[in-house]
Amino acid sequence: MSQIGLFSTSNQYSSLDDVLTALRGLKDDPLANAGTNIVISRGNPNAKLLIIGEAPGPQENIQGKPFVGPAGQLLDKILQAGNFDPEKDVYITNSVFRMPPGDDGKSFRKPNDQEIEYYRPFVLEIVRLINPLVILLTGNVACQSILRRTGITTLRGKWIQSGGRWVMPIFHPSYLLRNQSREPGSPKSLMWEDVREIRHKYDELLNG
Ligand code: URA
C-alpha cells in the first residue's frame with residue numbers, strides 16, 4: 001500500500017500496460033453485462049496533466065477512446081484555450097470504464113455508487129503509473145471517485161494538494177454544453193478562469 005493521501009493505492013500493477021490489460025480483460029465488473037465496451041484512455045502517458053472524466057458515452061463506446069464525442073470536442077477546445085495540446089500535453093481517462101446503459105437499454109445514464117467504487121482502484125493505479133503533477137476532475141462523478149465527495153459548484157476552481165500532486169475539480173464539459181451563456185459568473189466564464197489558473201500552476205510546477 002503506498003500512503004500518499006488521496007491517492008493511496010495497492011501498487012498492484014507494475015506498469016501502465018498491465019493495468020490496461022487487466023481492464024481490457026474484465027469479465028465480472030458491474031457493467032460487464034451491459035454489453036458496452038471497455039474504454040480506458042487517450043493521450044500521452046508521459047504527460048504531467050491528467051484528466052479524469054465520468055464514463056464513456058455512445059461515441060466513446062463506439063470509438064473505444066474517452067472524450068471523443070461532443071463533450072470531448074469541447075474538452076479539447078478548453079485545453080487548447082489553455083495552450084495545452086490534447087494529444088501531447090495531456091492523458092485522459094474516466095472514473096468508470098464502460099458506458100452505463102439507460103433504462104431503455106439504448107441511451108446511457110450516470111454511473112452509480114457501486115460502479116464508481118468498483119473501478120476506483122484501477123483509476124488510482126492509473127494515477128500512480130502516469131504520475132502526473134496536475135489532475136483535473138471533470139464533474140461530480142470524478143470528484144466522488146477521487147475525493148469521495150461531491151458539490152462541484154463549490155469545489156471547482158480550488159486546488160487540493162495531495163502526495164505532491166495538485167488536483168482541481170472543474171465543471172464537466174457536458175454541463176457547459178447545456179449552459180451556453182458567457183455572462184460573467186456563468187459556468188463557461190468560470191471554466192475560462194479555471195483554465196488560466198491551471199496553465200499558471202502547470203508552468204510554475206514545470207518551469208519554476
Ligand atoms: N464524458 C466523460 O466523462 N467521459 C467520456 O469519455 C465522455 C464523455
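Quick caveat: nothing in here was measured; it's all calculated off a predicted structure. Indexing begins at 1, ligand by ligand and atom by atom, following the structure's order.
- At a threshold of 4.0 Å, the pair E204-K201 counts as salt-bridged, since one of the basic side-chain nitrogens sits closer than that to a carboxylate oxygen.
- The shell of residues lying under 4.0 angstrom from ligand 1, judged by heavy atoms, includes A55.
- In H172, the part holding a heavy atom less than 4.0 Å from any atom of ligand 1 is the side chain.
- Here is the list of ligand 1 atoms found below 4.0 Å of a heavy atom in P66: 6 (O).
- Any N or O atom pair closer than 3.5 Å counts here, and S174 shares no such pair with ligand 1.
- Using a 4.0 Å cut-off between heavy atoms, E60 contacts ligand 1 through its side chain alone, with no backbone atom that close.
- Under 4.0 Å is where a charged nitrogen must lie from a carboxylate oxygen, and between K65 and E60 no such pair does.
- There is no side-chain donor-acceptor pair under 3.5 Å between S95 and Y119.
- Between N94 and ligand 1, at least one pair of N/O atoms sits closer than 3.5 Å.
- Using a cut-off of 4.0 Å between Lys/Arg side-chain N and Asp/Glu carboxylate O, E115 and R98 are scored as not salt-bridged.
- Both cation-pi conditions hold for R199 and F84: the charged atom is under 6.0 angstrom from the six-membered ring centre and inside a 45 degree cone around its axis.
- Counting heavy atoms under 4.0 Å from ligand 1, residue P173 does not touch it at all.
- Of all atoms in ligand 1, numbered sequentially from 1 with element shown, those under 4.0 Å from a heavy atom of G53 are 3 (O).
- One hydrophobic cluster, built from ILVMFWY side chains closer than 4.5 Å, holds both L75 and V195.
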